[in-house]
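Heads up, the thing below is written out as structure tokens.
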Amino acid sequence: MAQLNTFFEQFLQKSSVFADKKALQSAYVPDNIMHRDVQINQLAHILAPCLRMEKPSNVFLYGKSGTGKTLSVRYTTDQILHLAHKENIPVRIIYLNCKLKKVADTEYRLIAELARAFGKAIPPTGLPTDEVYKIFFRALDQERQVVLFVLDEIDQLVKHAGDETLYNLTRVNAELKNAQVSIVGISNDVGFSDQLDPRVKSSLSEEELVFPAYNAIEIQDILRRRAQISFKPNAIEDGVIAKCAAYAAREHGDARRALELLRVAGEIADRKNKNVVTLQDLDDAEEKIERDRFLDVVITQPKQYQAILFAAFVLWEERKDSVLTGELYGVYKRLCGRLSLRPLTQRRVSDIIAELDMLGILTAKVTSKGRYGRTREIVLSLPSSLEGKIKSALEEELKLTTAESKEHLQQESPVQP
DNA sequence: GTCAATTCACATGAAAGAGACCACGGTCTAGTG
DNA sequence: CTAGACCGTGGTCTCTTTCATGTGAATTGACGA
């Protein structure tokens, strides 16, 4: 323990490249948002009526992840709330992220969560949904007020719960005497509105705002500004920020990733006891983020998913070429036998493959092989440097020994002529 | 050689079941005054 | 008499199965040049 003690002491004394890390964290709202003036202005114009107790139009915000949507909304609503508070205007803004599992990804949970925002205790399950609606309405209509619901990642909600929920929400106003409700929807998926029922679409997107991706120069601006706050002067080597921006711009202009990259690079430099962040640290950070991302996704998957993934690994390693659903299913079934796991039906496996695709671990493209059917061509989309690590992590998770997976491979080989 | 029909190997959809969790209301039990 | 324990009912949620239908192009086979 004495060692730990000195470790902590040293840690405290150790100098850091950071001055104040908070400006690099994703929850940070700067007082000056760069390159989003147009959108923020528009948004302000749209939402401003709520300060006069009028119902603002419903708004829809589109844009890829890391393009400042959430940030802009946060900023604008903060300002509105600030003023409303000062002038004593009854405006409420409720922010909800529909993507967070177990929070708002079904109709029941969404309404329950909204009702909770009004201080009502709603059990996580057990009540009929319309009962929750009633509670919610009552809470909402208690006083005269304008309420803005900000629904982040609204596409996730629709994907899981259908657009019925949204339709109900848009019609809330008809049932309310005192309160008025507007909806601000945020979506990463640009083609999302086409999936909506036309009725929902028209009432929900009275106004639309598009957030284009940042280009490399804009990301550089943003990084510079944040770096100024969070790093000590001269703690960053020349070119680091430019390269960081380039990385991020390559990945469809995601500013959040760029900031994360910069932060991790700083942490790596800290750990190496250096007082300057170098290009090398940045590269290390890139690799670390990538690795952590995949590893994290992989080990948090359920057993069945891991088994399927492992089957994909085995085939991929053997073949180094795309794997078809049927082949994968065969290997998976045998693997299940070894793991004394009840194999799922092919129908289910097919869905799971699609989900793994969504997670970005593999790429599954549906192709028709003509006479030889229609199937998915599955390709692992991991950087090859990570394949070994992830595979052994999977082995560990599934409690497979290397011998067992080898044995399994040998069984597999004679199948294909 | 051309063209439509056929066929494969799954993809994709819809519905429904299983099992876990939970609230609510009624009934029973034991402890209290 | 009352608080708490203990059902039964009815609800949601997730994962899964079952059954049904869809699908894109290589292949086939009939047809005409």
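Within every chain, numbering begins at 1; the chains are lettered A, B, ... in the order of the sequence lines, protein sequences first and strands thereafter.
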Pi-cation contact, A:Tyr214 with A:Arg36 (under 6.0 Å, within 45°): yes
Taking only residues two or more places apart in sequence or in another chain, which ones pass side-chain hydrogen bond (donor to acceptor under 3.5 Å, both in side chains) with A:Asp152? A:Thr70, A:Tyr95
Measure the distance from NZ on A:Lys369 to C1' on B:dC10 and round it to the nearest whole Å. 12 Å
Pairs in or reaching into residues 52-71 of chain A: which pass ring pair (Phe, Tyr, Trp, His ring centres under 6.0 Å), with residues at least two apart or in two chains? A:Phe60-A:Tyr62, A:Phe60-A:Phe192
Do A:Arg224 and A:Gln220 have side-chain atoms, one donor and one acceptor, less than 3.5 Å apart? yes
Does A:Arg348 have a side-chain nitrogen or oxygen under 4.0 Å from the phosphate oxygens OP1 or OP2 of C:dT17? no
A:Gln145: partners by side chain to side chain contact (heavy atoms under 4.5 Å, CB included), with sequence neighbours left out: A:Pro90, A:Arg92, A:Phe118, A:Glu143, A:Val147, A:Ala179
The criterion is side-chain hydrogen bond (donor to acceptor under 3.5 Å, both in side chains); which residues satisfy it with A:Asp155, sequence neighbours excluded? none
So does A:Arg291 pair up with A:Glu287, basic N to acidic O under 4.0 Å? yes
A:Arg144 atom CZ, over 12 foreign heavy atoms within 6.0 Å: no
Can you measure A:Tyr332 atom OH to C:dT16 atom C1' for me and round it to whole angstrom units? 11 Å
Send over the distance from A:Tyr329 OH to B:dC10 C1', rounded to a whole Å. 13 Å
Considering residues, nucleotides and ligands other than A:Ile229, do more than 12 of their heavy atoms fall under 6.0 Å from its CD1? yes
If you draw a 6.0 Å radius around NZ in A:Lys333, do more than 12 non-hydrogen atoms from other residues or ligands fall strictly inside? no
Of B:dT12, B:dC10, C:dT12, the nucleotide closest to the side chain of A:Arg376 is B:dT12
Is there a side-chain contact between A:Ser350 and the phosphate of B:dA11, meaning an N or O under 4.0 Å from OP1 or OP2? yes
Quick one: which protein N/O atoms are closer than 3.5 Å to N/O atoms of nucleotides 6-11 of chain C? Pair and distance per line, please.
from: C:dG11; atom 1: N2; to: A:Thr125; atom 2: OG1; distance (Å): 2.8

What's the closest nucleotide to the A:Ser368 side chain, out of B:dA11, C:dC13, C:dG24? C:dG24
A:Lys333 atom NZ is separated from C:dT17 atom P, nearest whole Å, by 11 Å
Mind checking what makes side chain to side chain contact (heavy atoms under 4.5 Å, CB included) contact with A:Lys86, not counting sequence neighbours? A:Leu83
Considering only C:dT14, C:dT16, B:dA11, which nucleotide approaches the side chain of A:Arg109 most closely? C:dT14
Report, one line per pair, each donor and acceptor closer than 3.5 Å where one atom sits in a side chain of residues 38-56 of chain A; sequence neighbours left out.
from: A:Gln39; atom 1: NE2; to: A:Val210; atom 2: O; distance (Å): 3.2
from: A:His45; atom 1: ND1; to: A:Asn41; atom 2: O; distance (Å): 3.0

Just to verify, what does A:Arg342 make a salt bridge (Lys or Arg N to Asp or Glu O under 4.0 Å) with, not counting sequence neighbours? none
At under 4.0 Å between heavy atoms, which parts of nucleotides 13-18 of chain B does protein reach? Answer with one letter per nucleotide, 5' to 3': B base, S sugar-phosphate only, - none. B-----
Salt bridge (Lys or Arg N to Asp or Glu O under 4.0 Å): pairs with one or both residues in residues 354-366 of chain A, sequence neighbours excluded: A:Arg348-A:Glu355
Ordered by number, residues from residues 351-366 of chain A within less than 4.0 Å of DNA chain B (heavy atoms) are A:Val366
For nucleotides 4-7 of chain B, tabulate all protein N/O to nucleotide N/O atom pairs closer than 3.5 Å, reporting atom names and distance.
from: B:dT7; atom 1: O3'; to: A:Arg371; atom 2: NH2; distance (Å): 3.3

Looking at A:Thr106, I'd like to know whether one of its side-chain N or O atoms comes within less than 4.0 Å of OP1 or OP2 on C:dC13. yes
